[in-house]
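Note: hydrogens, waters and symmetry copies are ignored here, and every other heavy atom, side chains too, is used.
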Amino acid sequence: MFCSFSGQPAEDPVVTTSGYLFERRLIEKYLQTEGTCPITKKVLTEKDLIPVKLPSVSKQIKQTVSSIPKLIEVLQTEWDSIILESFALKKELHNTREELARTLYEYDAACRVIARLITERDEARAALAKSQKSDKSEEKKNEKKLKASQKDDDQKKTKNKEQIEKEMKIENESEQLIPQEKVQEFVNLSEKLGKKRKVMRSKLRKHKIKLPKIEKYQTISSNNKIFENEAEPIIVLEPVEHSSNILIALNDNNSLCLYDYEQSNLISKLKFQDDHKKLSANQKMESFVVGSTKGDITLWDYNLKNQENGKLINCNEKFTINIYDINGDDVNEKNKNQSKSKIIDLNIHPDNTTLVTCLEDLSWSLIDLETQKKFRSFHYGGSQSINLKYSSNCIHPDGTLILCGLTNNNIQVWDIRSEQIAATLQTDQNFTVEQVLCSNYGVHVASVTSDSIVRLWDLRDQVIIETLDGFDSNKNTSIAFDQTGSHLSIGNSNKISNFTSKKWKLLNELNISHENANIEKIVWSKNNSLLIGNSSGGIESFNLK
């Protein structure tokens, strides 16, 4: 019987549970360091060793330390250690050879795959080049056929095609471009306002400006009917920047008033004969612009310094112009009537001297309030513009971008400097954009559609970053950013939901005091008051007490 380690006849043979035979002294030394079977690598202890009994002829004589047999035993021990080390080296060499063979095989397979991919790529490139050549020749043939068919169609449908072409192309009512001096003024103002926003943002980050905690907002003032006996819905609210407690309100019955919401005091009131639906207040001067459905734009001014003891003051009409007759456009009366379209929105540019008017027929204009002249007008028509209309409008805080909401749930972003569409914010839904609004930081854009869904856009990446829904689609929905752009308020039914920006987390909900009224319009004032106009003609303000 030979030892599996040394290959020599075993003097004290033992058998493991796996059936291999070893010299006892060799296997015991191995188990002291490894604890496993050297062949099968299974757990093995000295108790698992089974001795092999052999008939002994004579008993072994006890050896002394100084004897030659003891010396032979020492040499035997050294030999055993050499045998164990040799076995370990042979086994390691065997494993290394297997790993090397596998690695070489994988490398060879990878080279074959790469070579096949390169061949397929070259074949695809060659096929693409051939197809492009054939496509070009086919395109030329198709172009000739199309030209021939188009000539026939043009003869049959000349009138319809001319009308569609006028609606499908982007045309300017005025051939003259925006004066370079005016463009430079817009650019300088944009840079100036951008620096101010950066300073405010840095102060907010360093907590130098403490934002009011909306969670603690309460009703400060409430007036059921600011228009005396008129219970018409308030459709426009405009707080004025030069006075922290004055706002301008316009109701659905063509009545306008200047109102002190802190003192619940009516300062002045106007009544219009025509249907007036749009309003924009000048944030630096005591004036405001009102637009009617007939296209009349009227500039009014007022003087709060002449107000004494809360008495009414008079608003003076400075001038009235018609959006369709500005600059004396040489068009006959028939064409004027056909070109007239509903005014969607009025917004005073941050330079306080330019008025931006948006019309329903996919057009918007720039009007100089000082000279009372329109110095630029744009009209858009895309491939599907026949059934499209503008439904809302706003100006970017920088003053260089105009955002126009469409009836197909898209938002066009016009760049005044290049006089072109800089971007289009698109969605798959097909609802009317009833309100579009930019935050004061100029990064986020909020839009409300006719299904009462609020979408938040990142203007830099032109993507939707959050969608807020769950509001009553049968009620009007109004949105407003606060002065810092850190909070977004959404008014629907008789409840206001306040969200924090970036994470768009719901902070709290406020209920208006008029139980039977619905929210029509909400705005934030300069002193961080949240103002609400309801369907009963009342105004309510929220702030910290």
**Fill in**
Heavy atoms of L26 and C3 approach each other most closely as CD1-SG, 3.8 Å
**Message:** Between E540 and S513, is the side-chain hydrogen bond (donor to acceptor under 3.5 Å, both in side chains) condition met? List the steps.
**Reply:** CA-CA 8 Å; E540 189 168 353; S513 59; 3.1 Å; yes
**Donor-acceptor under 3.5 Å (Q412 side chain, I421 main chain)** = no
**Message:** So H444 and E466, do their side chains get closer than 4.5 Å, heavy atoms only?
**Reply:** no
**Prompt:** Are side-chain heavy atoms of L362 and L406 found at a separation under 4.5 Å?
**Reply:** yes
**Message:** Could you check whether any side-chain heavy atom of W504 comes within less than 4.5 Å of a side-chain heavy atom of I465, counting everything from C-beta outward?
**Reply:** yes
**Message:** Is it true that N492 and D472 share a donor-acceptor pair across their side chains at a distance under 3.5 Å?
**Reply:** no
**Asked** Is V454 close to D469 at the side-chain level, that is, under 4.5 Å between some pair of heavy atoms?
**Response** no
**Asked** So, S473 and D451: side-chain donor and acceptor under 3.5 Å apart, yes or no?
**Response** no
**Message:** For a 4.5 angstrom cut-off between non-hydrogen side-chain atoms, does V356 reach L366?
**Reply:** yes
Sequence neighbours excluded and cut-off under 3.5 Å, please list the side-chain donor-acceptor pairs for residues 104-121, or say none.
from	atom 1	to	atom 2	distance (Å)
D108	OD2	R112	NE	2.9
T119	OG1	A115	O	2.9

**Prompt:** For the atom pair OG (S6) and CD1 (I82), what is the distance rounded to the nearest 0.5 Å?
**Reply:** 12.5 Å
**Asked** Does a side-chain heavy-atom distance below 4.5 Å link T357 with W364?
**Response** no
**Fill in**
What one should report as the nearest heavy-atom pair of V433 and S447 is CG1-CB, 4.2 Å
**Request:** Decide, yes or no, whether a salt bridge links E215 with K213 under the criterion of side-chain N to carboxylate O below 4.0 Å.
**Result:** no
**Asked** Taking it one step at a time, do T77 and D80 satisfy side-chain hydrogen bond (donor to acceptor under 3.5 Å, both in side chains)?
**Response** CA-CA 5 Å; T77 303; D80 294 343; 5.2 Å; no
**Request:** Compare all side-chain heavy atoms of P239 with those of K526 and state whether any distance is below 4.5 angstrom.
**Result:** no
**Request:** Could you give me the CA-CA distance, side-chain angles and deciding distance for V15 and L21, then say whether side chain to side chain contact (heavy atoms under 4.5 Å, CB included) is met?
**Result:** CA-CA 4 Å; V15 178; L21 186 139; 4.2 Å; yes
Using a 3.5 Å cut-off and no angle test, enumerate the donor-acceptor pairs between side-chain atoms of residues 178-194 and protein atoms at least two apart in sequence or in another chain.
from	atom 1	to	atom 2	distance (Å)
K182	NZ	T354	OG1	3.4
Q184	NE2	N188	OD1	3.0
N188	ND2	Q184	O	3.2

**Request:** Test side chain to side chain contact (heavy atoms under 4.5 Å, CB included) on I453 and V448 and set out the steps.
**Result:** CA-CA 6 Å; I453 293 181; V448 181; over 6 Å; no
**Prompt:** Taking all atoms of both residues into account, what is the closest heavy-atom pair of W524 and S489, and its distance?
**Reply:** NE1-OG, 3.1 Å
**Message:** Tell me if the centroids of the rings in W414 and F378 come within less than 6.0 Å of each other.
**Reply:** yes
**Request:** Would you tell me whether T477 and S452 have side-chain atoms, one donor and one acceptor, within less than 3.5 Å of each other?
**Result:** yes
**Item:** Spatial distance of atom CG (N498) from atom CG (L506) [nearest 0.5 Å]
**Value:** 8.0 Å
**Request:** For S131 and L128, indicate whether the former's side chain and the latter's backbone hold a donor-acceptor pair under 3.5 Å.
**Result:** yes
**Prompt:** At what distance, to the nearest 0.5 angstrom, does OG of S280 lie from CG of D345?
**Reply:** 8.0 Å
**Asked** For the rings on F5 and Y30, is their centre-to-centre separation under 6.0 Å?
**Response** yes
**Prompt:** Taking atom NZ of K495 as the centre, does the number of heavy atoms from other residues, nucleotides or ligands within less than 6.0 Å exceed 12?
**Reply:** no
**Fill in**
Output for pair (F542 CZ, I496 CD1), nearest 0.5 Å, gives 5.0 Å
**Request:** Please report the closest heavy-atom contact between K41 and K91, naming both atoms and the distance.
**Result:** CE-NZ, 2.6 Å
**Request:** Could you pull out the closest heavy-atom pair between V523 and L237, with the gap in Å?
**Result:** CG1-O, 3.5 Å
**Message:** Run the side chain to side chain contact (heavy atoms under 4.5 Å, CB included) test on D12 and E23 for me, step by step, so that the C-alpha distance in whole Å, both residues' side-chain angles and the decisive distance to 0.1 Å come before the verdict.
**Reply:** CA-CA 6 Å; D12 187 7; E23 181 71 48; 3.7 Å; yes
**T467 (side chain) donor-acceptor with R455 (main chain) under 3.5 angstrom** = no
**Request:** Supply the atom-to-atom distance I519 CD1 to N476 CG, rounded to the nearest 0.5 angstrom.
**Result:** 9.5 Å
What pairs of donor and acceptor atoms, side-chain ones from residues 395-405 against any protein atom, are under 3.5 angstrom apart with sequence neighbours left out?
from	atom 1	to	atom 2	distance (Å)
H396	ND1	D398	N	3.1
H396	NE2	G442	O	2.9
D398	OD1	R197	NH1	2.6
D398	OD1	R197	NH2	2.9
D398	OD2	R197	NH2	3.3

**Carboxylate-amine/guanidinium contact E28 R25, below 4.0 Å** = no
**Asked** Between T427 and N409, do the side chains contain an N or O donor and an N or O acceptor separated by less than 3.5 Å?
**Response** yes
**Asked** Of all heavy-atom pairs between I39 and F87, which one has the smallest distance, and what is that distance?
**Response** CD1-CZ, 4.0 Å
**Request:** Give, for atom CD1 of I490 and atom CD of E509, the distance between the pair rounded to the nearest 0.5 Å.
**Result:** 10.0 Å
**Prompt:** Is there a side chain to side chain contact (heavy atoms under 4.5 Å, CB included) between N440 and F481 once you walk through the steps?
**Reply:** CA-CA 8 Å; N440 284 358; F481 282 103; 5.7 Å; no
**Item:** Beyond-backbone contact of T33 with L84, side-chain heavy atoms, under 4.5 angstrom
**Value:** no
**Request:** Without swapping roles, check the side chain of D482 against the backbone of H487 for a donor-acceptor pair under 3.5 Å.
**Result:** yes
